[in-house]
Amino acid sequence: MIKYIKAVLLLALSLLFIQCSWDTNADWPEYYGDGARSHYSMLEQIDTSNVSKLKIAWTYSSGGADTIRNRSQIQSNPIIIDGVLYGVSAATEAFAIESDSGKELWKTDIQENEGTTSRGVTYWSHEGDKRIFFGAGRWLYALDAGTGKLIETFGKQGRIDLKVGIDRPGADNYVTSNTPNTIYKNLIITGSRVSESETALLGDIRAYDARDGSLAWTFHTIPEEDEAGYETWFPENPRQRLGGANSWMGMAIDRERGIVYVPTGSAAFDFYGGNRKGDNLYANSLLALNANDGKLLWHYQVVRHDIWDRDLPAPPNLFTITRDDKKIDVVSVITKQGYTFIFDRVTGKHIYPIEEVAFPQEAASGEYPSPTQPIPTKPAPFTRQSFTANDFNSFVADKDSLIDILVQANTGSPYTPITEKMTIIYPGTDGGAQWGGAATDPAGVLYIPAKEIPVYTSLVLMSNETTQAVTSENTLYNLYCSNCHGKDLNGSHDGSYPGLKNIKTRLTRDQLLTVMGNGRGMMPSFSHISMSERDAIANFLLDLDVDKEVEAKQNNFSAYQHTGYNRWYDTNGYPVNAPPWGTLTAIDGNTGQRRWQVPLGEYKELTAKGVSPTGTDNYGGPLVTAGGLIFIAATPDEKIRAFKKSTGELVWEHELPAAGYATPSTYRINGKQYIVIACGGGKLKSKSGDKYVAFSLED
């Protein structure tokens, strides 16, 4: 009997040992952690009691940082599978490293990745075939996960040309898959980033066979004549005249139900829709598609006839809430305006009431805004919704002159139409919420980083609806370039777009023409305009004495162009509005109530003067763990922080080698939990970097 008991105990201990060995590793296998895009991990080795003991475990230099102009970025949320971390470098090359040491295993050397800022890669495996899918330039590549080599049997010699199938008359060449794609069975479901001008390509959603790259299905976000939604576009034939309505921000997948949830952006051109009258389905919508065949199950349009660049900015979140003692599987989307829409995942029925609210209708000539827009009654907005003279901060420079400017401007609501007068967009054109998205936890709570900085712009009458004679090089620059680089050639206020005054000291004429033809970084290709027009712009920028007259013929172009995305800062370089300028908010999805909101980020010089942390502009998402913590970088002050998810209390922060405009990942290898963040900088006037930094508890 004693021998029997000993044998049982020995067996139990053996099973326990085996179980423990199984549990020593835990992956982060997908973009934002899982198909639900939850940003959540069940790991709890690092918790509120020991987070202060986090130390740097390893650092990996990915290469490719532009430390001279500070233009490169890393926005990648790395994935970790079987002890290997896969990410993207500052030079937009995919790589694999050992996740416990940072030792490089392989890195690609792709030459056609201009115009790309990647947010990560996608992993697929089947019967021992393990692949990494990577978007760079206009191509979707299939790589061997073990070696980084191209899978020659996929597409054409290992890649798919994403432009094929979405071209239209007069379109440019700019398309890239900058956000990791979504896997369902043996399908890879793709969205794309296209330009936001009148020459944008179509924004169709497509699924390819992950094995050979053949096209499996397509959903038209701008409908054909015989498809539902066609009646919401006028004049006719919108797919021949217009582009955009694309899904650049990423998708979520319910693999049990076979439903992929696809958010879409605005139709191009972003700020004037006189040539696309109507609600414009399926732009600015949440689509629930059958992942097997791409058929529409349900949809909800969150902005009708968008003329404010109000793309849905982030992947949806799939989670479960409790209402009236019933569990409900839901899908939510957050918006640049600061709204949260929550729907039943299967039926599309909204969980909380949505009201139709009337907004101003005074618009530019030929423009017809939607009379109403849908506004959720719950949850309450996580950002303020209007900007008035009472909203200037107490230490703003030259307040009286700013008030005089504001009095003359259009302002007062998030849906004030843009006209030839200065128009204040608040929250700004890129948030509110941004591509970092929201995190959720099993309790049904959302954690949302956001920004609150006013942006101003206006419309400039350029032509009639179809053609315009352009007779000077300066006018061509104003038409095609000044929206981003400024009419004064000084670049954008936040540093996202560089000044061009001294471009001749940096680029030769041939190099400048190559950049215009191919695109680079955030700049799309301008191959759609004639070579003579590109020559004329080069003459203007390089100050060459060439006397030419150029005629620019437009095909269904807007009557207007806009004057750029201009964050409103005072002469001291601070946002003009009262803080907080950046926030982290917890919203209870079960009740629709806000749990807490805290500032995110700081200006160190203001803190030193006794000003409470103001929060800052931010890019990147949160990571939430079962250890009761929220980890987030995202801010230009070059820090990563940890907050208690129960209260929002700041409990840890650490300096980074460059700003972490990305979303952290967490994983466990050999029993140790790590937090890793990409530190690429390069936005908001912060320096560029190339490092990935991993933290773990000190031994």
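Computed over heavy atoms, backbone and side chain alike; hydrogens, waters and symmetry mates excluded. The shown structure was predicted, so the numbers you read here are calculated from the model rather than taken from an experiment.
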Looking at residues at least two apart in the chain, or sitting in another chain, which of them share a salt bridge (charged side-chain N to carboxylate O under 4.0 Å, His left out) with [X]?
X    : value
R384 : E452
D311 : K336
D637 : R641
E649 : K644

**OP:** Kindly indicate whether the side chain of W248, heavy atoms from C-beta on, has any atom under 4.5 Å from the side chain of R119.
**Re:** yes
Subject >> Non-hydrogen side-chain atoms of P449 and I632 separated by less than 4.5 Å >> reply: yes
**OP:** Would you please classify the geometry between the F387 ring and the F392 ring as parallel, tilted or perpendicular, with 30° and 60° separating the classes?
**Re:** perpendicular
**OP:** Mind running side-chain contact (heavy atoms from CB on, under 4.5 Å) on L600 and T635 for me, showing each step along the way?
**Re:** CA-CA 7 Å; L600 177 60; T635 54; 3.9 Å; yes
By side chain to side chain donor-acceptor pair (under 3.5 Å) - contacts of [X] (at least two apart):
X    : result
N246 : none
S118 : none
T122 : none

**OP:** Please determine if K451 forms a cation-pi arrangement with Y619, meaning its NZ or CZ atom is less than 6.0 Å from the six-membered ring centre and no more than 45° off the ring axis.
**Re:** yes
Are [X] and [Y] linked by a side-chain donor-acceptor pair shorter than 3.5 Å?
X    : Y    : value
Q75  : T117 : no
S41  : R668 : no
T607 : E605 : no

Original post:
Mind checking what makes ring-ring contact (aromatic ring centres under 6.0 Å, His included) contact with W308, not counting sequence neighbours?
Top reply: Y415
Subject >> ring-ring contact (aromatic ring centres under 6.0 Å, His included) partners of Y603, counting only residues at least two apart >> reply: Y574, W581
How long is the gap from [atom1] on [X] to [atom2] on [Y], to the nearest 0.5 Å?
X    : Y    : atom1 : atom2 : answer
I675 : T666 : CD1   : OG1   : 3.5 Å
Y674 : Y667 : OH    : OH    : 6.0 Å
E196 : F271 : CD    : CZ    : 7.5 Å

Original post:
Just one of K685, K683, K687, K691 clears the salt bridge (Lys or Arg N to Asp or Glu O under 4.0 Å) bar with E638, so which one?
Top reply: K687
Subject >> Of all pairs that satisfy ring-ring contact (aromatic ring centres under 6.0 Å, His included), the ones with a partner from residues 67-104, not counting sequence neighbours >> reply: Y60-F95, F95-Y692
**OP:** Indicate the atoms forming the closest heavy-atom contact of L446 with S332, along with that distance.
**Re:** CD2-OG, 3.5 Å
Original post:
Which heavy atom of N77 sits nearest a heavy atom of P664, and at what distance?
Top reply: ND2-O, 3.3 Å
**OP:** Kindly determine whether N670 and D100 satisfy side-chain contact (heavy atoms from CB on, under 4.5 Å), including the steps that lead there.
**Re:** CA-CA 8 Å; N670 298 325; D100 59 351; 3.7 Å; yes
Would you call [X] and [Y] a salt bridge, taking side-chain N to carboxylate O under 4.0 Å as the test?
X    : Y    : value
E653 : K639 : yes
D588 : R595 : yes
R138 : E112 : no
D570 : K399 : no

Subject >> Inter- and intrachain pairs under side-chain hydrogen bond (donor to acceptor under 3.5 Å, both in side chains), touching residues 47-56, at least two apart >> reply: D47-S49
Scan the side chains in residues 438-445 for donor-acceptor partners under 3.5 Å anywhere in the protein, sequence neighbours excluded, and list what turns up.
| from | atom 1 | to | atom 2 | distance (Å) |
| --- | --- | --- | --- | --- |
| D441 | OD1 | A443 | N | 2.9 |
| D441 | OD1 | G444 | N | 3.3 |
| D441 | OD1 | V445 | N | 3.2 |
| D441 | OD2 | Y447 | OH | 2.7 |
| D441 | OD2 | K645 | NZ | 3.2 |

Original post:
So among F631, W58, W652, which one has a ring pair (Phe, Tyr, Trp, His ring centres under 6.0 Å) with F695?
Top reply: W652
